[in-house]
Amino acid sequence: MKKRNAVLFSTPYLIWMVLFTLIPLGVVVYYALIDPGTGEFSLVNVKQLGTYMPVLWTSILYSLVSAAVCLVIGYPVAYYIAHRGSVAQRFLYMLVMLPMCMSFLLRTLAWVGLLNDQGIINNLLVAFFDWLRSLGGIFAGLPEDFGRLKLIRTPGAVVLGMVYNYLPYMILPLYSTIVKIDHRLIEAAEDLGCNGVQTFRRVVLPLSVPGILSGMTMVFVPAVSTFYISQKMGSPSTVLIGDVIERQFKQGNNPNLGAALSIVLMLLVFVCTGIMNRFGSDDEGSVIA
């Protein structure tokens, strides 16, 4: 009876998975293995993947840098939130989640408006140096438009866009992991003579590894497949694998090659997930160095 009930209750989930996961993946695989010229099964699309490997490595590099920056910023934030009172935790948690309630496109366009050559930041810098020039003295020789920087259409702008949009994906799993660390372990380390740095290095950091791996994965996966950020904040030479896939479907009129590239990204996601599951076990028996 229990087995029958389990099958009954899992049926809607299985139907959902088949309709919206397995069938779409099957369609992608089908198009990837079809010759766009003849309509027959062929590996012609797979053979073209080598041409786009440099773009894939560039996408991976951008994503890893973005994930590393998110970790550097997100870990102290998550640690701080986890050690506040319950009311403060809920409030700060809400603040982290709040940007995610806004459209991804609007968040990116907001940064475009801030970083543009005639954007808010550059206009403020120019106004500041204009004020300095009005004071005279050593500032009188400052040229017009001094202080205007090239903030957009650079690799740094692309990384900034990724970090801003995906930072909550780093903070949330880190917070969930750190807040569950047994405080008695920290007290035991202090009783044994560890100072704050030693306690963090030997107890807190090893126990937060599952959250680090989960956060890195949750940032890396959407970052490696992004295309809108690179198009709006990067230069024309900044081409990521997501841009190539979008162009194959929209401009290149070659969805078969786009499907083959999508499979490469899907395999990359599987590898990241496998690494997280292998080394990110959030068990009570986690090793303390």
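All values below come from the heavy atoms of this structure, side chains included, with hydrogens, waters and symmetry mates left out. In what follows, residues are counted from 1 in the order of the sequence shown. All values derive from a computational prediction rather than experimental measurement.
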May I ask you to decide if [Y]'s main-chain N or O and [X]'s side chain share a donor-acceptor pair within less than 3.5 Å?
| X | Y | value |
| --- | --- | --- |
| N122 | L149 | yes |
| N45 | I34 | yes |
| S42 | D35 | no |
| S59 | I241 | yes |
| D243 | L240 | yes |
| S134 | W131 | yes |
| S208 | G211 | no |
| T108 | F104 | yes |
| S66 | Y62 | yes |

To the nearest 0.5 angstrom, please state how far the [atom1] atom of [X] sits from the [atom2] atom of [Y].
| X | Y | atom1 | atom2 | result |
| --- | --- | --- | --- | --- |
| S225 | L268 | OG | CG | 9.5 Å |
| M218 | T273 | CE | OG1 | 11.0 Å |
| R148 | F129 | CZ | CZ | 12.0 Å |
| C272 | M216 | SG | CE | 9.5 Å |
| N116 | K232 | CG | NZ | 10.5 Å |
| L205 | I181 | CG | CD1 | 9.0 Å |

ILVMFWY network linking [X] to [Y], side-chain heavy atoms under 4.5 angstrom:
| X | Y | value |
| --- | --- | --- |
| V159 | V239 | no |
| L92 | V179 | yes |
| L114 | M102 | no |
| L98 | Y164 | no |
| I245 | M162 | no |

task: Could you work out the complete set of other residues in the hydrophobic cluster of M17, with links drawn between I, L, V, M, F, W and Y side chains under 4.5 Å apart?
output: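 M17 shares its hydrophobic cluster with Y13, L14.
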Do [X] and [Y] have side chains that approach each other closer than 4.5 Å (heavy atoms only, starting at C-beta)?
| X | Y | value |
| --- | --- | --- |
| L61 | V65 | yes |
| L25 | M266 | yes |
| I60 | F220 | yes |
| Q248 | Y52 | yes |
| L265 | V269 | no |
| L257 | P36 | no |
| L174 | L71 | yes |
| L207 | T177 | no |

Go through the side-chain N and O atoms of [X] and [Y] and say whether any donor and acceptor fall under 3.5 Å apart.
| X | Y | result |
| --- | --- | --- |
| S235 | T238 | yes |
| Y175 | Q89 | yes |
| R107 | N165 | yes |

task: Starting from the C-alpha separation in whole Å, work towards a yes-or-no answer on side-chain contact (heavy atoms from CB on, under 4.5 Å) for Y169 and V221.
output: CA-CA 11 Å; Y169 299 145; V221 169; over 6 Å; no
field: Validation row, ring centre Y75 to ring centre F200 under 6.0 Å
entry: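 So the answer is yes for these two rings.
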Can you name the closest pair of heavy atoms from [X] and [Y] and give their distance?
| X | Y | answer |
| --- | --- | --- |
| P206 | R202 | CG-O, 3.5 Å |
| A157 | L115 | CB-CD1, 4.4 Å |
| Y31 | A259 | CB-CB, 3.9 Å |
| V96 | L172 | CG1-CD2, 3.9 Å |
| L167 | C70 | CD1-O, 3.6 Å |
| G215 | P173 | CA-CG, 3.7 Å |

- request: Just say parallel, tilted or perpendicular for the rings of F20 and W16, cut-offs at 30° and 60°.
  value: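 Tilted: the ring planes of F20 and W16 meet at 30° to 60°.
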- prompt: Take atom CZ in F249; do more than 12 heavy atoms of anything else shown fall under 6.0 Å from it?
  reply: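 More than 12 heavy atoms, drawn from other residues, nucleotides or ligands, come within 6.0 Å of this atom.
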